[in-house]
Amino acid sequence: MKALISIDYTNDFVADEGHLTAGKPAQAIEIAMYELTKKFINNQDAVFFTIDLHDLNDNYHPESKLFPLHNLRDTSGRLLYGKLGAYYQEIKSLNNVFWLDKRHYSAFSGTDLDIRLRERRITDLTICGVLTDICVLHTAIDAYNLGYQITIPKSAVASLSESAKLFALEHFKQVLGAKVID
Ligand code: ZN
């Protein structure tokens, strides 16, 4: 069984006016994100939207010192971007679609993602979204440590720079044994 883990494709990380935006490279994967999601939905595979959630004045959070505020609770910055956002509205009530709030880079950190995957006997994860070298990478590392098979579609991940993306793609392949596909 397989699942799509869709990471942080929100207005704050993607839109021009986003608070921590990767801008053009992230916007360039909009259609690929949408098409990939549609493929999993049409195959009746599980799709997990694992989305960064922050609160104001969370001084104990390490990201407070590292990044400007982003993905704040109940803001439009946390909504999924563009075509994927519109498609999510159509599919969100399906029983194979999940929304999991996360506080850290990895989709496994502090969430019940691993339990939900194991309940469904899901062993193969396709991980997409942003940023390739931060949240996608940290999620892939946890998935590797938990024994999942990993696939990374390179047209559906994005980084701020091409060199950061290439580093992460090499790491997925050479160190985590992931399948990196087009
Ligand atoms: Zn964050």
Side-chain angles (χ1 to χ4, degrees), residues 3-30 32-34 36-37 47-85 88 92 97-117 125-146 148 150 152-154 156-169 171-172 176 178:
L4 181 66
I5 311 298
S6 183
I7 297 188
D8 284 340
Y9 201 67
T10 64
N11 290 327
D12 266 355
F13 287 114
V14 181
D16 283 335
E17 68 278 13
H19 288 118
L20 191 55
T21 189
K24 294 286 173 277
Q27 292 160 20
I29 67 169
E30 180 182 0
M33 290 289 292
Y34 165 70
L36 183 65
T37 310
V47 176
F48 290 83
F49 294 95
T50 62
I51 306 296
D52 221 15
L53 170 65
H54 293 292
D55 287 304
L56 274 176
N57 304 317
D58 186 357
N59 299 325
Y60 293 98
H61 198 301
E63 279 183 40
S64 305
K65 294 187 188 66
L66 296 169
F67 300 111
L69 287 171
H70 58 278
N71 273 42
L72 286 174
R73 189 185 297 276
D74 299 330
T75 61
S76 59
R78 274 197 93 218
L79 299 177
L80 296 173
Y81 175 83
K83 259 178 110 66
L84 186 66
Y88 176 72
K92 65 180 179 186
V97 174
F98 305 86
W99 180 286
L100 298 184
D101 295 332
K102 67 182 180 68
R103 276 182 85 235
H104 291 139
Y105 306 136
S106 170
F108 289 96
S109 174
T111 72
D112 65 358
L113 178 59
D114 184 48
I115 295 168
R116 288 182 185 267
L117 293 169
L125 307 183
T126 296
I127 309 176
C128 65
V130 293
L131 296 177
T132 324
D133 52 310
I134 305 182
C135 290
V136 176
L137 178 63
H138 284 251
T139 299
I141 291 169
D142 278 347
Y144 167 86
N145 288 328
L146 291 164
Y148 292 97
I150 303 163
I152 307 286
K154 34 178 188 194
V157 290
S159 293
L160 274 170
S161 71
E162 199 52 26
S163 61
K165 181 170 175 174
L166 286 175
F167 156 76
L169 291 177
H171 192 92
F172 295 135
L176 304 181

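Numbers here are sequence positions counted from 1. Indexing begins at 1, ligand by ligand and atom by atom, following the structure's order.
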If you measure only the distance, is there a donor-acceptor pair under 3.5 Å linking the side chains of H61 and N59?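 The answer is no; no qualifying pair exists.
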Just checking, any donor-acceptor pair under 3.5 angstrom between side chains of T10 and N71?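 Yes, a side-chain donor-acceptor pair sits under 3.5 Å.
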Which is the closest N/O/S atom of [X] when seen from the Zn ion (ligand 1)?
{"X": "D52", "value": "OD2"}
{"X": "E63", "value": "OE1"}
{"X": "H54", "value": "NE2"}

Report yes if the distance between the aromatic ring centroids of W99 and Y88 is under 6.0 Å, otherwise no.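 Distance test on ring centres: under 6.0 Å, yes.
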R73/D101 ion pair, N-O < 4.0 Å: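 Looking at R73 and D101, the cut-off is not met.
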